Amino acid sequence: MNPLRRLSRVVLAFVLVTIAGTIGYLVLGFGFLDALYQTVTTITTVGFREVHPLTPLGQVFTMVLILVGAGTAFYLFGVMLEALIDGHLRHRLERRRMDRQIDRMRGHVIVCGWGRVGRSTAQYLSSLGKPIVVIDRDPERLRGIEFAHILGDVTDDAVLHAAGLEHAYALIAALDNDADNVYVTLSSRSQRADLVIIARARNDSSKSILLRAGANRAVNPQLIGGRRMAAFALQPNVAEFLDVVMHEDALEYRIEEITIGAQSPLIGHTLTDAALRRTTGALVIGIRASSGRFIANPTDDTRIHADTILIVLGTPAQLNAVHTLAMC
């Protein structure tokens, strides 16, 4: 039985015995406070003195109360000691606190799988200030983890629900097994059509399956790692610049994507008219049109429309200024 549930049942039994003893002494003619005092001293076997002389019926009632009440009290103390020694109570309280924390989360990212890929993903998201919930079936992997987490199998829909899937912004399937990543992708997509799903793929054939299953992107970490190594060998300065801009916390500049909202004053204007470089200091290095087409190094006469995504380079303050114009 759940240790916390067992403790609650024993506490309830102790309270009921105390109430029954108090009522019994009230029937025997004791006042309320005297009845309660006599009950507590009896069931805890303290036995200072009898508040009032007992009749034969009172003596029989007291003996029964000692047998029932003292047994209940000793069992209660034993369960409490066991819970404290084994850490069950502390663990259950921490689990409840974490569950309440997850319930309050909105727009968080669920990371499925706490291996090397999952850890790297969570650390980068954390550096950006994103709330994270981690799911893994191995308790040893989750021991001492700093993020909110769920111990369980991600192929179980109840585990995804416990991780706050209905309120999450994105889910990252970083499991070691491609079949599990496909299942998580299918399950998550069936529950949330608007969820951003990024799935790990070990090979190109898995990538196509994951995309058909509903993933927004399927990523092969080994392939990306190999390409980065080749880029460092052939174009080390370009590769290092992109690596530093995207991942180095010490550098002030960042590259972000900013979506143009329906009420933005930038809608209908060209990049020249918007004058983002002059007014905010940020540099637009690319655009993804609402049709999905990418425009790298857009010309000054490129027009901005609603749902256009700007790829912008700048400091956090400059990027915030562009965000403000995009969402006005």
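Only a predicted model underlies this, so the values are computations on that prediction, with no experimental measurement involved. All values below were derived from every heavy atom in this structure, side-chain atoms included, with hydrogens, water molecules and symmetry-related copies excluded.
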Query raised in the report: Stepwise, does the side chain to side chain contact (heavy atoms under 4.5 Å, CB included) test hold for V182 with L186?
Result: CA-CA 6 Å; V182 171; L186 281 169; 4.1 Å; yes

Report task. First locate atom CD of Q38, then atom CG of D34, and finally report the distance between them rounded to the nearest 0.5 Å. Result -> 8.5 Å

Requested in this report: Side-chain contact test, heavy atoms from C-beta onward, threshold under 4.5 Å: evaluate it for V15 versus I19 and give yes or no.
Outcome: yes

Query - Heavy-atom check, side chain of T62 versus side chain of Y25, under 4.5 Å - result: yes

Report task. Find out whether R189 and L195 are in side-chain contact, i.e. whether some heavy atom of one side chain is under 4.5 Å from a heavy atom of the other. Result -> yes

Report task. Tell me, yes or no, whether the heavy-atom count around Y169 atom OH, taken from other residues, nucleotides or ligands under 6.0 Å, exceeds 12. Result -> no

Query raised in the report: Honestly curious: do I198 and I110 fall in one hydrophobic cluster under the side-chain, below-4.5 Å linking rule?
Result: no

Query raised in the report: Do F77 and V10 come close enough that some side-chain heavy atom pair is under 4.5 Å?
Result: no

Query raised in the report: Quick one: do I285 and V238 end up in the same hydrophobic cluster if we chain Ile, Leu, Val, Met, Phe, Trp and Tyr together by side-chain heavy atoms under 4.5 Å apart?
Result: yes

Query raised in the report: For atom NE2 of H167, is the number of surrounding heavy atoms from other residues, nucleotides or ligands below 6.0 Å larger than 12?
Result: yes

**Report entry** V312 side chain near E256 side chain, heavy-atom distance below 4.5 Å
**Finding:** no

**Report entry** Non-hydrogen side-chain atoms of Q191 and E166 separated by less than 4.5 Å
**Finding:** no

Report task. Determine whether L210 and Y183 fall in the same hydrophobic cluster, where Ile, Leu, Val, Met, Phe, Trp and Tyr are linked whenever their side-chain heavy atoms lie under 4.5 Å apart. Result -> no

Report task. Might you confirm whether atom CD of E257 has over 12 heavy atoms from other residues, nucleotides or ligands at distances under 6.0 Å? Result -> no

Report task. Examine distances only and state if a side-chain atom of T272 and a backbone atom of D300 form a donor-acceptor pair shorter than 3.5 Å. Result -> yes

Query raised in the report: Atom NE2 of H108 and atom NZ of K130: how far apart are they, to the nearest 0.5 Å?
Result: 13.0 Å

Query - R254 side, atom CZ; L128 side, atom CG - distance, nearest 0.5 Å - result: 7.5 Å

**Report entry** N216 side chain to I197 backbone, donor-acceptor under 3.5 Å
**Finding:** yes

Query raised in the report: Are more than 12 heavy atoms from other residues, nucleotides or ligands located less than 6.0 Å from atom CZ of R217?
Result: no

Query raised in the report: Going by heavy atoms in the side chains, are V117 and V219 under 4.5 Å from each other?
Result: no

Query raised in the report: With the 4.5 Å side-chain cut-off for hydrophobic clustering, are V134 and L165 part of the same group?
Result: no

Query raised in the report: Do you know which two heavy atoms are closest between L160 and C112, and how far apart they sit?
Result: CD2-SG, 4.5 Å

Query - Separation of I102 CD1 from H149 NE2 (nearest 0.5 Å) - result: 8.5 Å

Report summary line: Looking only at heavy atoms, the pair that brings F61 and G24 closest together is CZ-CA, 3.6 Å

Report summary line: Correct closest heavy-atom pair for D180 and T155 would be OD1-CG2, 4.0 Å

Query raised in the report: Is it true that atom CD of E240 has more than 12 heavy atoms of other residues, nucleotides or ligands lying nearer than 6.0 Å?
Result: no

Requested in this report: Please answer whether the main-chain N or O of I66 pairs with a side-chain N or O of T42 as donor and acceptor at a distance below 3.5 Å.
Outcome: no

Query raised in the report: Does CD belonging to Q101 count more than 12 external heavy atoms closer than 6.0 Å?
Result: yes

Query - Side chain S126, main chain A122, donor-acceptor under 3.5 Å - result: no

Report task. Using the side chain to side chain contact (heavy atoms under 4.5 Å, CB included) rule, take I255 and I311 through it: C-alpha gap first, then chi angles, then the decisive distance, then the call. Result -> CA-CA 7 Å; I255 297 178; I311 312 299; 3.9 Å; yes

Query raised in the report: What closest approach, in Å, do I150 and A162 show between heavy atoms, and which atom pair accounts for it?
Result: CD1-O, 4.0 Å

Query raised in the report: Atom OG1 in T302, atom CD1 in I287: separation rounded to 0.5 Å?
Result: 5.5 Å

Query - Under-4.0 Å salt bridge between R97 and E94 - result: no

Requested in this report: Heavy atoms only: give me the nearest T280-Q318 pair and the separation to one decimal.
Outcome: O-CG, 3.0 Å

Report task. Consider only side-chain heavy atoms of I, L, V, M, F, W and Y, link residues closer than 4.5 Å, and tell whether V196 and I172 are in one cluster. Result -> yes

Query raised in the report: Using the ring of each side chain (for Trp, its six-membered ring), is W114 parallel, tilted or perpendicular to F147, with breaks at 30° and 60°?
Result: perpendicular

**Report entry** L266/L276 under side chain to side chain contact (heavy atoms under 4.5 Å, CB included): CA gap, chis, key distance, verdict
**Finding:** CA-CA 10 Å; L266 301 176; L276 293 176; 4.2 Å; yes

Requested in this report: Could you walk me through whether F14 and Y75 pass ring-ring contact (aromatic ring centres under 6.0 Å, His included), step by step?
Outcome: CA-CA 9 Å; F14 182 83; Y75 186 64; over 10 Å; no

Report summary line: dist L28:CG -> I23:CD1 (nearest 0.5 Å) comes out at 12.0 Å

Query raised in the report: Do I260 and L310 touch side chain to side chain, with heavy atoms closer than 4.5 Å?
Result: yes

Query raised in the report: Near R106 CZ, under 6.0 Å, is it more than 12 heavy atoms from other residues, nucleotides or ligands?
Result: yes

Query raised in the report: Backbone N or O of R200 within a donor-acceptor pair of the N181 side chain at under 3.5 Å?
Result: yes

Report task. Can you see which heavy atom on V159 is nearest to which on I135, and at what distance? Result -> CG1-CG2, 3.6 Å

Query raised in the report: Does Y124 offer a backbone N or O that forms a donor-acceptor pair with the side chain of S127 under 3.5 Å?
Result: yes

Requested in this report: Applying side chain to side chain contact (heavy atoms under 4.5 Å, CB included), run through T270 and T299 and close with a yes or a no.
Outcome: CA-CA 9 Å; T270 64; T299 59; over 6 Å; no

